[in-house]
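Presented below is the structure to which this report refers.
Numbered from 1 within each chain, the chains take letters A, B, ... in sequence-line order.
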Amino acid sequence: MKRPLLFTTGTLTLAGLAFVLANSLPGCRPTTTQTVVTGDAASKVYVKPGTHDEFYNLVSGGFSGQLAVYGLPSGRLLREVPVFSVDPESGYGYSEESKGMLMTSHGFIPWDDSHHPEMSQTNGVPDGKWCFINGNNTPRIALIDLGTFRTHSIIEIPNSAGNHSSPFTTGNSEYVVAGTRFSVPMGEEAQRDVPISSYKETFKGTVSFIHPEPETGRMSIAFQIVTPAVDFDLSHAGKGPSEGWFFFSCYNTEQAYSLLEVNASQRDKDFIMAVNWKMAEQLAKEGKGKRVAGKHYSNWWNDKTHSSETTVIDDVLQLDPKEHPGLLYFMPCPKSPHGCDVDPTGKYIVGSGKLAALIPVFSFEKMQKAIAANEVEGDFAGIPVLKYESVLHGEVKKPGLGPLHTEFDANGNAYTSFFVSSEIVKWNVEKLEVVDRVPTYYSIGHLCVPGGDSKQPWGKYVIAYNKITKDRYLPTGPELTQSAQLYSIDGDKMELLLDFPTTGEPHYAQAIPADLVKPREVKFFKIEENQHPYVAKGEKESRVERKGNEVHVWMTSIRSHFAPDNIEGIKLGDEVYFHVTNLEQDWDVPHGFAIKGAANAELLIMPGETQTLKWVPTRVGVWPMYCTDFCSALHQEMQGYVRVSPANSTVPLKGETVSVDAGV
Amino acid sequence: MRLHPVSRLLLALAALALGINLVMPIWRIDLMAPQYPEGLFLQIFHDRFAGDIDKINGLNHYIGMAHIKDEMFPEFGIMRYAFYLLIAWGLVTALVGRRAVLLSWLFAIAAFIIWAVWDMYAWGYKYGHDLDPRAAIKVEGMAYQPPLIGHKQLLNFDAWSTPDVGGWALFCSSTIAAIIFTLEWRRSHRAAPRA
């Protein structure tokens, strides 16, 4: 089978050469924005000042570890939600309350690489309640509450390494999944200390099913299915007729553990793995699994105490598919499949072999028939491999080069991104015919249609998330902005409307009508519901107390002063905890808190909330503190002093806010 | 001569309509500013304030206005008795059916309205002028007395003072009573020569 490989490599090289040429010779560009953008594009993305965008676009931050929120069609950046990475501007990961959100079995991990946002669903349709996102490096899944746009829950995934195939959801968000990219040895310590070359014998993959509690959003691992050692890439749940199944793309069925670039690109076909999760759920319920070592943390944010709560779990329920025939099947899929997307009807599964020059579309109905008729071509490490021809609905021929991901509209069309040929190709799912194509600038990775991976796409736009921007924006040194491009898909032809820069590196994204999210918005936290142990529900409750070398300050902030704002009696060697309660009860009035020499961060405290900054003074003197969020016309007056005395000082501890009259 | 039965029925309804003031707000003050596109409002019930009172107090502290609190208004403790009295008076009017009693009721309502308006003006004047000398924002010659009725510009705020449901009920009841009085007066004067 050397010839097809040679052929593919040759084509790729040629395409790459054409790409380089096209970009280095300005005069020879085949298409430019000028030729692609038509006259009325501007009016289609113009959102009048003072009016709202039609869609929220939740975009992964990639190596920033965060989640970015944009409005569509304007492409305006609204917010960057801190998820896996610390955020000194808000104090996330620095305040005493929020540190716990980033705790793992490896300790405090202040960063990650976040790839795939996925909205929670009801009846297969995004419901605007939550957004999940995966942490790739230290395997985790986070749940962001779309009422507060804050990270509400983070769970660590044990027996996993590189949580890439995640966090896609079932139709009613019973589960979100986590498929490991790296297979690894797992279990007790002795079982994990093995030569890397023993990959085939001792390494295993896992796919985990995580259950978010519908009321609280607290997450736990329901069960974990052990698989042969491969690399899982992406996944999507079945829906409609395929409800109850989950599909995962996997590459490196060569089981290489070195130079994967070459060694994992040898086989003509890798797999789409089909998991019968309803069966797995039943087996777990019947106690068929076994608990295997796998220490992990589940962190949850309590909106009443304004603090994180951490649970440590030592093991995980594992199911071995070899003991349960019918749980797993492999479907051969050409050339290291990447995207694994299920169309809105739930009848078809699209695999995107990133080195392939065609798109295979699998039929769920045929898959069921092939299982019933036992049409297998063999097994892979004990798991049945169904015959390619038996499960195939058909192939889209010559769609482009390097297909990566597919999203859908409500009219039976699919939109596939092509990295190598840098384009979006629209094709008909039933007929497998290419309908339209449009270039992207440059080298698109993921793409997103509002609701485009659900049962009910809202359509209207497709957004391209590009890997390369080159000359598209004003240059900013060696590192250039990342970017997205908005295309209209209302008409017969896709139409480029807008480029907009993005933060971090955008991978996957989700878009949802704003009307499904806006009514959920929390405007402020009710002070009477604040159950923080150090809350001061009014200035009268503000005070300073010493507990050994710890000094606790119950501090309040309201426009525009702190109480107390003069603190004396702190000694070198003390650890000072400022528990700041924002007493405001109105929308859009956060207060900040900063103190000179703070080695951690500042705080940004929402109305009705209490947050704590730990401060360890290192020198004797008087230290200024102030509000960092412009809160009123007298914001610049919102300040105070903290006096630090030598360790043996006898200055009595006191905290007060002094009125001028009292002093005169 | 007794009042016409229809007049008496209408008077009874008008009297009962005053009861709206015991459950619904009587008056409201609306404040609009560029940074408050959604607006702030204050409602006056017979026994309390409602609306964005905390936010308004928060803003007023910059200009040194006193914090508005229910306890500071003894009116809130007695206004319900005024309404009880007016309602009872109206029902008695309907029952007795005498024009003189109707006239006395009209005078009672008028007296109540004059007192209420004067009282509101007095409080407004006091709040708008008695400013803390240590206030952060002082504008030479500026007072913050809200408009008695209608619109007034107060620094960055546009203030509107208008009747709420209760106020309108009071207005309608007294208007109906006045019209009935006029009609009855005419009726009796037309009827007199024939009698």
Report task. Establish, from distance only, whether the side-chain atoms of A:E97 and A:W301 form a donor-acceptor pair under 3.5 Å. Result -> no
Query raised in the report: What about A:F562 and A:F593, are their ring centers closer than 6.0 Å?
Result: yes
Report task. Determine which residues belonging to residues 102-116 of chain B lie within contact range of chain A, meaning some heavy atom pair is under 4.5 Å apart, and list them by number or answer 'none'. Result -> none
Report task. Identify the two heavy atoms, one from A:E539 and one from A:H561, that lie closest to each other, and give their separation to 0.1 Å. Result -> OE2-NE2, 2.6 Å
Query raised in the report: Between B:R80 and B:F83, is NZ or CZ placed under 6.0 angstrom from the six-membered ring centre and within 45° of the ring axis?
Result: no
Query raised in the report: Between B:F45 and B:F76, is the gap from one ring center to the other below 6.0 Å?
Result: no
Query raised in the report: Are B:N60 and B:H67 close enough that a side-chain donor and a side-chain acceptor fall under 3.5 Å?
Result: no
Query raised in the report: Once the angle between the rings of B:H129 and B:Y125 is folded into 0 to 90°, is it parallel (under 30°), tilted (30 to 60°) or perpendicular (over 60°)?
Result: parallel
**Report entry** Residues of residues 577-591 of chain A within contact distance of chain B, non-hydrogen under 4.5 Å
**Finding:** A:Q585, A:D586
Query raised in the report: Looking only at side chains, do B:Y62 and A:S632 share a donor and an acceptor under 3.5 Å apart?
Result: yes
Report summary line: Residues passing the ring pair (Phe, Tyr, Trp, His ring centres under 6.0 Å) test with B:Y36, sequence neighbours excluded, are B:F157
Query raised in the report: Which of parallel (below 30°), tilted (30 to 60°) and perpendicular (above 60°) describes A:W615 and A:W623?
Result: perpendicular
Query raised in the report: Mind checking which of residues 511-526 of chain A sit less than 4.5 Å from chain B, heavy atom to heavy atom?
Result: none
Report task. Could you tell me if the ring centre of B:F73 sits under 6.0 Å from that of B:W123? Result -> yes
